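The model shown is predicted, which means the values in this text are computed figures rather than measured ones. All chains are named by letter (A, B, ...) in the order of the sequence lines, taking the proteins before the strands, and each is independently numbered beginning at 1.
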Number of protein chains: 2
Amino acid sequence: MILINNQKYTTLLTELRYNCCMLKRTLAIQKALSESGYRITQPRRAVIEVILRARRSLSPEEVLARARKIDPSVSLATVYRTLDVLHEQGHLNRVRIGKKGYALVCSERELHFHLVCKRCRSVVELQPDRFSKALMTQLHNLGFAWQQNAIEIIGLCAKCNPAG
Amino acid sequence: MILINNQKYTTLLTELRYNCCMLKRTLAIQKALSESGYRITQPRRAVIEVILRARRSLSPEEVLARARKIDPSVSLATVYRTLDVLHEQGHLNRVRIGKKGYALVCSERELHFHLVCKRCRSVVELQPDRFSKALMTQLHNLGFAWQQNAIEIIGLCAKCNPAG
DNA sequence: AAAATTTTGAGAATGATTCTCATTAACAAT
DNA sequence: ATTGTTAATGAGAATCATTCTCAAAATTTT
Ligand SMILES: [Zn+2]
Ligand SMILES: [Zn+2]
Ligand SMILES: [Zn+2]
Ligand SMILES: [Zn+2]
């Protein structure tokens, strides 16, 4: 059992599945938020926990539903606010899929790609390699200041691709 | 002067500036739409004209305002509908910038990158090269069906980048 | 020109996101 | 542990981009 801010955590953090390789763990995110002057509240903890636990990207409504299982008082407004904070602090990205739907994806400094499945919202991560490094150099040479946390390529994953 | 569907066009199409290298010209788009069974109407023509003429990406409201200078009756609903049609038919992409705002960018089959400036909405086009080809191969090998028309990299262009 | 069909404009409806504000919770300093 | 300061919250109202509705108009076909 782990004690954080007087809260008991029995979850084995190492066993959690992340929807994206680079999503930091709850503890690391809480620490970072705390150091940035944010308060670590129950609802925020619940939302962060839910996002990290998810095996796929979740819509704000889905995050709400799951967060309420941890803390029933969580409101939708807080889900949105927490997503904002997490984005602001560089812990996650939100990517629109189609007309509704979002994918919540990781945030990582080095340029790399995410293959986001439109249908099942899974996110496959391409590790930074010589290609993405070359692209990064190219951006730099053009004076273009890259502001994303990752570059999302939208499509259908192997499972969801009828043709493949 | 050019005659299309009994409409007189005095615009020198070759002198238009495109916000993206691959945006087809009005005529080509009209032809393509027509061949797909869409009717070439005044409002659609106005919207297409406006988008192609723009030096930067426009929001739907901005498209409306400009289209009304060509055909005052154009409605916002038609702007949205036309954007949908153009997207559906692979003539343009819409990329969210921040909480509001869109960038309207080109549509091109071969994988390539757009550097979209968050501030001035300019779009710099990276031509397909060996890196994007390598990435395309990688996607193919992973069974991932790429569905975008181009990959948008959001950031600040050299002009708008205070640090650069 | 008339018929068949699509597209349109205007404004209502929707629905995701943001805002408001009184209340509560977190944190730091006692 | 208690208190004071201040950020964060929940509930629901408000906003605003987008979509929908439908009778009227425009386009294309006959
Ligand atoms: Zn990543
Ligand atoms: Zn999938
Ligand atoms: Zn392009
Ligand atoms: Zn710029």
(Q) Closer than 3.5 angstrom, by distance alone: can the side chain of T78(B) be matched with the main-chain N or O of V74(B) as a donor-acceptor pair? (A)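 Absent.
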
Q. Where do R81(A) and E88(A) land on the salt bridge (Lys or Arg N to Asp or Glu O under 4.0 Å) test, with the steps shown first?
A. CA-CA 10 Å; R81(A) 286 188 284 232; E88(A) 228 172 79; over 6 Å; no

Q.
Can you list everything that forms a side-chain hydrogen bond (donor to acceptor under 3.5 Å, both in side chains) with K31(B)? Sequence neighbours excluded, please.
A.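 Counting only residues at least two positions away or on another chain, K31(B) forms a side-chain hydrogen bond (donor to acceptor under 3.5 Å, both in side chains) with E35(B).
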
Q.
For T41(B), give me all partners under side-chain hydrogen bond (donor to acceptor under 3.5 Å, both in side chains), at least two apart in sequence or on another chain.
A.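 Here no residue qualifies.
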
Round to a whole Å and report the spacing from [atom1] of [X] to [atom2] of [N].
X: R68(A); N: dT9(D); atom1: CZ; atom2: C1'; value: 12 Å
X: I40(A); N: dA7(D); atom1: CD1; atom2: P; value: 15 Å
X: L33(A); N: dA8(D); atom1: CG; atom2: C1'; value: 13 Å
X: Y80(B); N: dG15(C); atom1: OH; atom2: C1'; value: 14 Å
X: L64(A); N: dA16(C); atom1: CG; atom2: P; value: 13 Å
X: R45(A); N: dT9(D); atom1: CZ; atom2: P; value: 11 Å
X: D71(A); N: dA26(C); atom1: CG; atom2: C1'; value: 14 Å
X: E88(B); N: dT19(D); atom1: CD; atom2: P; value: 12 Å

Q: Locate the shortest heavy-atom distance separating F144(A) from V116(B); write the atom from each residue and the value.
A: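 Residues F144(A) and V116(B), closest heavy atoms: CZ-O, 3.4 Å.
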
Q: Linking directly or through intermediates, with side-chain heavy atoms under 4.5 Å: list the remaining ILVMFWY members grouped with F131(B), chain and number order.
A: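 Members other than F131(B) - counting any ILVMFWY side chain reachable under 4.5 Å - are F131(A).
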
Nucleotide N/O of nucleotides 5-8 of chain C paired with protein N/O under 3.5 Å:
unit_1, atom_1, unit_2, atom_2, d
dT5(C), O2, R39(B), NH1, 2.6
dT5(C), O2, R39(B), NH2, 2.7
dT6(C), O4', R39(B), NH1, 3.2
dT6(C), O4', R39(B), NH2, 3.3
dT6(C), O2, R39(B), NH1, 3.3
dT7(C), OP1, R39(B), N, 3.3
dT7(C), OP1, R44(B), NH1, 2.9
dT7(C), OP1, R44(B), NH2, 3.4
dT8(C), OP1, T41(B), OG1, 2.9

(Q) Nearest to the P60(A) side chain among dT28(D), dT17(C), dA10(C), which nucleotide is it? (A)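 Among the listed nucleotides, the one closest to the side chain of P60(A) is dT17(C).
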
Q.
Based on the rotation axes of five pairs at each end, what angle does the helix from dA1(C)-dT30(D) to dT30(C)-dA1(D) bend through, to 10°?
A.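 Axis-to-axis angle, ends of the helix: 50°.
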
Q) Quick one: do E49(A) and R44(A) make a salt bridge, cutoff under 4.0 Å? A)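 Answer for the salt bridge query: no.
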
Q) Of all residues at least two apart in sequence or in a different chain, which pass the salt bridge (charged side-chain N to carboxylate O under 4.0 Å, His left out) check with K159(B)? A)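 Salt bridge (charged side-chain N to carboxylate O under 4.0 Å, His left out) list for K159(B), sorted by chain: empty.
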
Q) Please walk me through it: do Q138(A) and L126(B) pass side chain to side chain contact (heavy atoms under 4.5 Å, CB included)? A) CA-CA 9 Å; Q138(A) 199 173 1; L126(B) 297 188; 4.0 Å; yes

